[in-house]
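Here's the structure we're looking at; comments come further down.
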2 protein chains.
Amino acid sequence: MAQMRRYAGGVDGNRSLERGIEILRAFRPGIDTLGNGEIAERCGLPRSTVSRLTRTLVNSGMLDEIRTERTYRLAASVISIGHAMRTGSPVLNAIGPMMRAESAKRRLNVGLATADRTMMVYLESIRYSPRAALRNVVAGQQVPMELTSLGRAYLAGLAESERERLLKLFKRRSAAATRALLAEVRRSISAVERGGYCAVSWQPAVLAVATPIVLDGLPVYALNMSLQNVDRSDALASELGAYLNAFAAKCKEVLAGR
Amino acid sequence: MAQMRRYAGGVDGNRSLERGIEILRAFRPGIDTLGNGEIAERCGLPRSTVSRLTRTLVNSGMLDEIRTERTYRLAASVISIGHAMRTGSPVLNAIGPMMRAESAKRRLNVGLATADRTMMVYLESIRYSPRAALRNVVAGQQVPMELTSLGRAYLAGLAESERERLLKLFKRRSAAATRALLAEVRRSISAVERGGYCAVSWQPAVLAVATPIVLDGLPVYALNMSLQNVDRSDALASELGAYLNAFAAKCKEVLAGR
DNA sequence: CGGCCATTTCCACTAAGTGGAATTAAGGGA
DNA sequence: TCCCTTAATTCCACTTAGTGGAAATGGCCG
C-alpha cells in the first residue's frame with residue numbers, strides 16, 4: 001500500500017534509521033551525556049520510541065549507558081568509524097602530509113574541511129606553534145559555514161543551486177544581521193571567484209584565508225591557512241592568499257593524478 | 001501482534017537501525033569504498049534493503065555517494081560525531097594532558113583505549129619521537145584485544161562473566177594456536193592481578209605494558225606505555241611497568257575527584 | 001549498437017514498529 | 001525507613017512503514 005514512501009513528509013528512506021542517526025547527532029561538544037527524556041525533547045520523538053532506539057544503539061555499540069545516571073554517552077565505536085573515514089579519504093591521504101610540511105615551512109595553521117549540513121568539519125587542522133610540544137592536530141571540529149573563510153570558500157566551490165539552498169538556511173538561522181551577513185558572504189564568494197581565495201577574521205586577532213577544492217565525484221573541500229595574534233591588514237591577507245593559492249595549486253596537481 | 005520483540009533471533013531493538021549501523025561498520029581502514037552489492041554481501045542483507053538503507057544514510061549525511069562509481073564512502077559527519085565523543089569523554093579530558101606530559105617526560109609512547117566489540121580502540125595514542133615533527137597522535141585506531149597488552153589489561157579489568165564471554169569469542173575467531181594463545185592471555189591477566197600491569201610484545205621490537213582503569217559507571221579503559229626498537233627483556237619490562245603503575249596511580253587520583 | 005551484469009524500483013504482504021496508557025523503578029524528603 | 005514525586009520502561013492494539021522477490025531500468029563493454 002504505502003510502499004514505505006514518504007512518512008510524515010519525508011520521501012523514501014528508512015524512518016527508524018534516520019531517527020537513530022539523529023539521536024547520535026544530538027550529542028555534540030558541550031552535550032556530553034543525554035537521557036532518554038532530553039533526547040526525546042531535542043529530537044522531537046515520543047519517549048517510548050527513544051527508549052527503544054537508544055537500547056538498539058547501545059546494543060550496536062554506538063552508545064554507552066551510564067546506569068547510575070540513567071543517561072547515555074557516545075561510545076568508542078564512533079571514533080573507530082571516524083578513523084576509518086579519515087583513513088579512507090583520498091583527499092586527506094594525498095595532501096595531509098603536504099599540509100603538515102607546509103605548516104612547518106610557513107609557520108602557520110593549515111586546515112582541510114568539508115561540510116556537515118550547515119557546519120564545516122575539519123578533516124585535519126594543523127595548528128602551528130613555535131613550541132613544538134603545543135603543535136596540535138584536530139579533526140572533527142566544527143565551525144559555522146557562513147562565518148568562516150573555510151565555509152565561504154566551500155560555498156564558492158559549490159554548484160549554484162546547492163549554494164542558494166544553503167544561503168536560505170542561514171537566513172532562517174541567524175535572525176539578526178542577516179542582511180549584512182549575507183552580503184558579506186556573497187562578497188567572499190566573489191573574492192574567491194576573482195582571486196582564488198577569500199579572507200575572513202572570524203575570531204579576534206586571527207586572520208584566515210581559504211580556497212575551495214573541487215574534484216569530480218567527490219564532495220567539495222576547502223583548504224585554509226591562518227595566523228594568530230595579528231591585526232587584519234589587506235597586505236597580510238594578500239600575502240597569505242598568495243601562499244594559499246600556490247599551495248592549493250600544488251595540491252590540485254597531486255590530486256589530479258588520482 | 002509481535003510487539004517488535006525478537007526479529008530473526010534478536011531480542012528487542014530496532015532492526016533497521018541495527019542494520020544501518022552495521023552498514024557503517026562495514027567501512028574500515030582498507031575498505032574505503034563499498035557498493036550496494038558488496039555491502040549486501042558483507043552484511044548478509046538483501047540488495048533491495050541495502051539500497052534503501054544506504055539512501056537513508058546518504059540523506060542523513062553519514063555516507064557520501066560517488067555517483068561515477070556507484071559506490072559509497074563514509075562522510076565527514078562521522079568524524080564530527082567522533083570528535084564529540086572525544087570531547088565528551090571524562091576520562092580522556094582528565095588524563096589526556098597528563099598523558100602528553102608523561103610521554104614527553106619519559107620519552108615513550110602513551111595510549112588510552114577501550115573496547116569496541118573484540119577490538120581495542122585508541123581514544124588517544126601519543127607516539128613519542130625524538131624528532132618533534134614526527135610526534136604523532138592518533139585516535140580511533142583499532143588493535144586486536146587478545147594479542148595486545150592493552151586488550152589483556154582491559155580483560156583483566158572486566159567482570160568475570162563479561163571476560164569469559166569475550167574469551168569464547170576469541171576461541172571461535174582464531175582457529176590456529178587457540179590453546180596456546182588463550183593460556184597466554186590468562187597469564188597476562190594474572191600478571192595484572194599480581195603486579196598491576198602486563199607486558200606484551202605484539203609487534204617485533206616493540207615492548208608494551210598496560211594496566212586497566214576501572215571506574216564506577218564507566219566502561220573499563222586501559223592505559224599503556226610502549227617503546228620501539230628494543231629487545232624484550234624482563235628488566236626493561238619491569239622498569240616500564242613501574243613507570244606505568246606510578247602514572248596510573250596519579251591518573252586514578254585525578255579521576256576519583258570527578 | 002545490442003546483450004549483459006548490477007542496481008534500483010515496484011508492489012503485495014505482513015510483521016515490525018509505533019506511541020498513548022499503564023506500570024515500574026528511581027531519587028528525595030520527612 | 002517509608003512514602004511521594006518524577007521519569008523511564010513495558011504493554012498492547014493498530015496499522016503503517018518496511019520487506020524482499022520479481023520486474024524494470026540503466027551503464028558498460030565487446
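Source: prediction; values computed, not measured. Letters A, B, ... mirror the listed sequences (proteins, then strands); counts begin at 1.
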Using a heavy-atom cut-off of 4.0 Å across all strands, would you classify A/T68 as base, sugar-phosphate, or nothing? sugar-phosphate

Taking for each residue the nucleotide of DNA chain D bearing the nearest heavy atom, is the 5' side occupied by A/G37 or by B/S48? A/G37

Can B/R117 and A/S77 be counted as having a side-chain donor-acceptor contact under 3.5 angstrom? no

Starting at atom [atom1] of [X], determine the distance to atom [atom2] of [N], rounded to an integer number of angstrom.
X	N	atom1	atom2	value
A/Y72	D/dA7	OH	P	16 Å
B/L17	C/dT18	CG	C1'	15 Å
A/I39	D/dA8	CD1	C1'	12 Å
A/L53	D/dT9	CG	C1'	14 Å
B/E69	C/dT7	CD	C1'	15 Å
A/E65	C/dA26	CD	C1'	14 Å

Between [X] and [N], is there a contact of a side-chain N or O with OP1 or OP2 at under 4.0 Å?
X	N	result
A/S51	D/dT9	yes
B/R55	C/dT9	yes
B/N14	D/dG18	no
A/S16	D/dG18	yes
A/R52	C/dT18	yes

Between B/R163 and B/E160, does at least one N-O distance fall below 4.0 Å, as a salt bridge requires? yes

State plainly whether the residues A/R52 and B/E18 are in salt-bridge range, i.e. N to O under 4.0 Å. no

Would you call B/R70 and B/E65 a side-chain contact if the rule is heavy atoms closer than 4.5 Å? no

Position toward the 5' end of DNA chain C (nearest nucleotide), A/R67 or A/L45: A/L45

Among the nucleotides [options], which one has an atom lying closest to any side-chain atom of [X]?
X	options	result
B/N36	C/dT7, C/dG20, C/dA16	C/dT7
A/R70	D/dA17, D/dG20, C/dA26	C/dA26
A/R47	D/dG20, C/dT8, D/dT9	D/dT9
A/R19	D/dT9, D/dT19, C/dG19	C/dG19

Verdict with supporting geometry, A/D116 and A/R25, salt bridge (Lys or Arg N to Asp or Glu O under 4.0 Å): CA-CA 11 Å; A/D116 179 13; A/R25 278 207 142 91; 2.6 Å; yes

